[in-house]
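Accompanying notes for the structure given below.
Each chain gets a letter, A, B and so on, in the order the sequences are listed, and its residues count up from 1.
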Protein chains: 2
Amino acid sequence: MENITIKVLASRLNLSATTISKALKDSYEISEPTKQRVRALAAELNYTPNTYARSLRTRKSETIAVVLPEIADHFFALVINGIESVVREMGYHVLIYLTHEDYEREKEILQYIKNGRIDGLLISITKNTITSDHIAQLEQENIPVIFFDRIIEQLQVPKVVTNDFESSYQATEHLLNCGCKKIGVCTIFADLELSKQRIMGYKQALKDNHITIDVDQVLCCTEDDKTYDQIYHKLQSVNRPDGLIAIVDKLTLPIYQACENSGLRIPEDLKVISFSNNPSASILNPSLTTISQPAFLIGQAAARLLINSLGPKYEQVQQDITIIPSELIIRTSTSLTNR
Amino acid sequence: MENITIKVLASRLNLSATTISKALKDSYEISEPTKQRVRALAAELNYTPNTYARSLRTRKSETIAVVLPEIADHFFALVINGIESVVREMGYHVLIYLTHEDYEREKEILQYIKNGRIDGLLISITKNTITSDHIAQLEQENIPVIFFDRIIEQLQVPKVVTNDFESSYQATEHLLNCGCKKIGVCTIFADLELSKQRIMGYKQALKDNHITIDVDQVLCCTEDDKTYDQIYHKLQSVNRPDGLIAIVDKLTLPIYQACENSGLRIPEDLKVISFSNNPSASILNPSLTTISQPAFLIGQAAARLLINSLGPKYEQVQQDITIIPSELIIRTSTSLTNR
DNA sequence: ATTATTTACTTTATCGTTAACGTAAATAAT
DNA sequence: ATTATTTACGTTAACGATAAAGTAAATAAT
């Protein structure tokens with residue numbers, strides 16, 4: 001079957017290839033009757049332009065890459081939904097790359113996508129990303145980059161995040177209001193800016209409420225396969241918390257399991273709040289109080305920023321940070337109980 | 001900043017562009033010393049080939065598209081993980097397109113990606129996809145297509161699915177073994193082949209156990225916003241089931257909520273099994289008995305089939321179906337209770 | 001010693017599209 | 001009536017890579 005190219009259309013209509021190209025772009029240089037003939041034949045033969053030829057010529061691919069740690073995570077899935085909603089409207093395409101929290105893999109990917117292929121990049125770094133050269137390099141090649149959620153603070157690149165500090169502060173105050181005396185916080189991503197912010201928010205809330213900060217109540221589970229044990233151990237200890245903030249959704253499972261297995265009752269013995277977007281939070285037993293992050297909106301905002309920066313004017317995107325607030329959704333896991 | 005192309009390398013080394021190209025491909029036509037010089041300079045200048053130029057010439061893009069209804073669904077997220085694991089190994093790239101269960105959107109997307117851009121397609125159709133012309137058309141353009149999970153039975157295209165019939169049969173027998181007398185089944189995707197298979201499996205199990213099939217126990221919730229009401233209503237009725245099979249994960253939430261709100265106890269009053277890959281199944285209360293689909297393996301198998309069909313030999317992929325079995329994971333929601 | 005083959009390249013053409021520039025005919029301006 | 005401008009196209013070249021075909025020099029075969 002013959003490949004339908006612009007040349008085929010041209011020879012059939014006794015026009016030049018350029019004229020076809022211009023006609024299909026609705027250029028003012030082409031007369032209306034000619035445009036109609038061209039469009040009619042293009043439709044009849046089901047012509048679609050060859051992406052590669054076009055991109056080679058125009059140096060635009062209408063394709064962006066999304067690089068992120070994980071997709072089987074409701075937060076990131078929702079972010080992608082947000083990105084897709086914008087990208088679709090703008091007629092762009094999305095390449096997805098998963099790092100699986102592997103820093104080396106992240107560097108590989110960025111190397112991979114450098115030449116051609118993408119017009120811009122949305123990225124959420126791995127928990128181990130320590131340098132930013134691989135990202136800065138893309139910028140040097142004039143590929144705009146936007147960070148979302150997991151950012152590198154120092155890099156002069158637009159960022160879209162939630163109000164990590166404030167929402168953690170708010171969560172801590174909520175636990176205090178529920179009568180908690182010893183509040184702990186737990187993370188698995190010690191080095192991420194968002195973890196630091198959330199822990200700072202927690203500490204600030206304690207400080208503002210004149211409560212001494214006990215470093216022992218900040219639990220960093222950095223080794224994946226020991227997370228459960230560390231939590232279980234903590235909840236068994238004499239110095240166990242009576243309120244716990246989980247900085248990531250992934251901690252919900254081990255926390256609930258550790259309580260189940262150690263006989264601790266939620267919320268009677270331990271009140272729990274988790275940063276989470278998981279819809280099953282409402283049918284857990286007890287239902288889980290969450291800080292629900294605006295994942296969809298983060299995706300949208302990041303995608304808009306990126307696509308705007310690809311526009312014709314190319315005004316150097318100002319180095320800025322977009323903050324979209326999270327929402328505290330109070331459920332049973334922090335219910336008041338009389339003891 | 002000058003763009004590093006093959007020509008730049010060529011002029012710097014006093015070689016022709018073709019020689020550079022061949023050297024970088026480790027062609028036998030180029031001498032070892034020359035290859036080394038070329039590789040050294042390429043590395044020094046951080047050369048990466050222009051994807052579009054290459055794809056235009058070779059008619060290969062090393063890119064596949066994945067078209068699927070939804071990403072914020074643990075099953076599909078795991079499928080993507082599986083796909084990514086294979087694609088990554090093979091050096092391919094993945095474009096993601098979401099249909100959001102919109103059939104028109106699905107057609108648009110396929111039109112969209114027709115020319116150039118992708119070498120092959122992995123697709124799981126929307127709940128409303130009734131014709132297959134848009135898919136057959138891609139095949140005509142020599143773009144191989146593989147179905148996964150949600151297939152069109154009639155289309156002569158390789159398919160990767162789980163054992164829908166058998167696992168549903170097995171689930172039904174499990175409920176019978178737990179003493180259920182009136183087993184219901186519930187779906188939101190009446191027209192999908194997988195729904196039909198699962199319902200057939202359920203019916204066959206009843207038949208084989210000499211139980212009359214009551215069509216009233218097959219609940220099709222086709223309108224999204226009425227799902228909860230229909231389930232609630234069903235569970236309130238005189239003819240309510242004492243065992244329920246949920247054909248998709250999305251039904252877990254409304255079923256648990258309806259039980260909560262109507263005072264039905266799981267598993268005492270109603271035993272529940274759901275097709276689900278959601279990790280929170282184990283911390284629901286009661287924990288949920290699931291048929292866990294091999295999502296990751298489905299993704300891998302589909303991706304392998306596709307990429308193999310892109311290979312040089314291009315032996316017409318046999319019209320076949322790959323079936324990867326699901327696993328019944330028994331938890332508390334189907335525990336035996338004495339009544 | 002002559003021819004055949006191999007080695008290591010180069011030249012040319014092309015993938016499909018579009019940017020840049022060119023031009024004949026028609027229309028408008030003076 | 002002459003020049004200027006506009007309209008509606010066409011020609012050429014190029015994006016960067018590679019397939020196809022060509023070639024000089026070196027080596028092997030007879």
Side-chain angles (χ1 to χ4, degrees), chain A residues 1-39 41-42 45-63 113-119 141-142 312, chain B residues 1-39 41-42 45-63 113-119 141-142 312:
Chain A
M1 201 188 54
E2 190 193 18
N3 216 359
I4 307 297
T5 70
I6 243 176
K7 287 182 192 166
V8 174
L9 300 186
S11 76
R12 294 239 199 158
L13 294 174
N14 264 323
L15 291 168
S16 75
T18 303
T19 303
I20 305 293
S21 174
K22 286 177 182 167
L24 292 171
K25 290 209 152 41
D26 203 21
S27 159
Y28 68 95
E29 286 180 86
I30 308 298
S31 71
E32 198 50 47
T34 302
K35 281 183 192 171
Q36 281 174 18
R37 287 202 305 146
V38 171
R39 279 195 287 250
L41 187 66
L45 300 182
N46 204 2
Y47 166 78
T48 39
N50 181 301
T51 316
Y52 298 114
R54 174 179 282 178
S55 292
L56 178 58
R57 195 70 247 262
T58 61
R59 306 178 160 286
K60 293 259 171 277
S61 60
E62 264 101 52
T63 303
I113 60 181
K114 243 183 41 197
N115 208 331
R117 194 149 250 148
I118 63 157
D119 294 346
E141 307 243 352
N142 283 319
Chain B
M1 201 188 50
E2 190 191 18
N3 215 1
I4 307 298
T5 71
I6 240 174
K7 286 181 193 166
V8 174
L9 300 185
S11 77
R12 293 239 200 159
L13 294 174
N14 263 323
L15 291 168
S16 75
T18 304
T19 303
I20 306 293
S21 173
K22 287 177 178 165
L24 292 172
K25 293 209 151 38
D26 203 21
S27 160
Y28 68 94
E29 288 180 86
I30 307 299
S31 70
E32 197 49 49
T34 303
K35 281 183 192 171
Q36 281 174 19
R37 285 203 306 146
V38 172
R39 280 195 286 252
L41 187 65
L45 300 183
N46 205 2
Y47 165 79
T48 41
N50 182 301
T51 316
Y52 295 113
R54 174 180 282 176
S55 293
L56 178 60
R57 194 70 246 262
T58 62
R59 309 181 155 284
K60 293 259 170 276
S61 61
E62 264 103 53
T63 303
I113 61 182
K114 243 183 42 196
N115 209 331
R117 197 151 245 148
I118 63 159
D119 294 347
E141 307 243 351
N142 282 319

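- Using a distance-only test at 3.5 Å, with no hydrogens or angles considered, no donor-acceptor pair links the side chain of B:S55 to the main chain of B:Y52.
- In this structure the side chain of B:I4 never reaches within 4.5 angstrom of the side chain of B:N46, judged on heavy atoms.
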> Just by protein heavy atoms under 4.0 Å, how would nucleotides 9-18 of chain C read 5' to 3' in B, S and -?
Replying inline: BBBBBBBBBB
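- A donor atom on one side chain and an acceptor atom on the other are found under 3.5 Å apart for A:T19 and A:S16.
- B:R117 and A:T63 share a side-chain donor-acceptor pair at under 3.5 Å.
- Within 6.0 Å of CZ on B:R37 lie more than 12 heavy atoms contributed by other residues, nucleotides or ligands.
- For the pair B:R12/B:L45, a side-chain contact is recorded, criterion being any heavy-atom separation below 4.5 Å from C-beta on.
- Taking five base pairs at each end of the helix from C:dT2-D:dA29 to C:dT30-D:dA1, the local helix axes there meet at an angle of 50°, rounded to 10°.
- The distance between atom CD of B:E62 and atom C1' of D:dT18, rounded to the nearest whole Å, is 14 Å.
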>> Walk me through whether B:L41 and B:Y47 qualify under side-chain contact (heavy atoms from CB on, under 4.5 Å).
In response: CA-CA 8 Å; B:L41 187 65; B:Y47 165 79; over 6 Å; no
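- Take A:R39 and apply the salt bridge (Lys or Arg N to Asp or Glu O under 4.0 Å) test, not counting sequence neighbours, and it matches A:D26, A:E32.
- When rounded to the nearest whole Å, the span between NZ of B:K60 and P of D:dA19 equals 12 Å.
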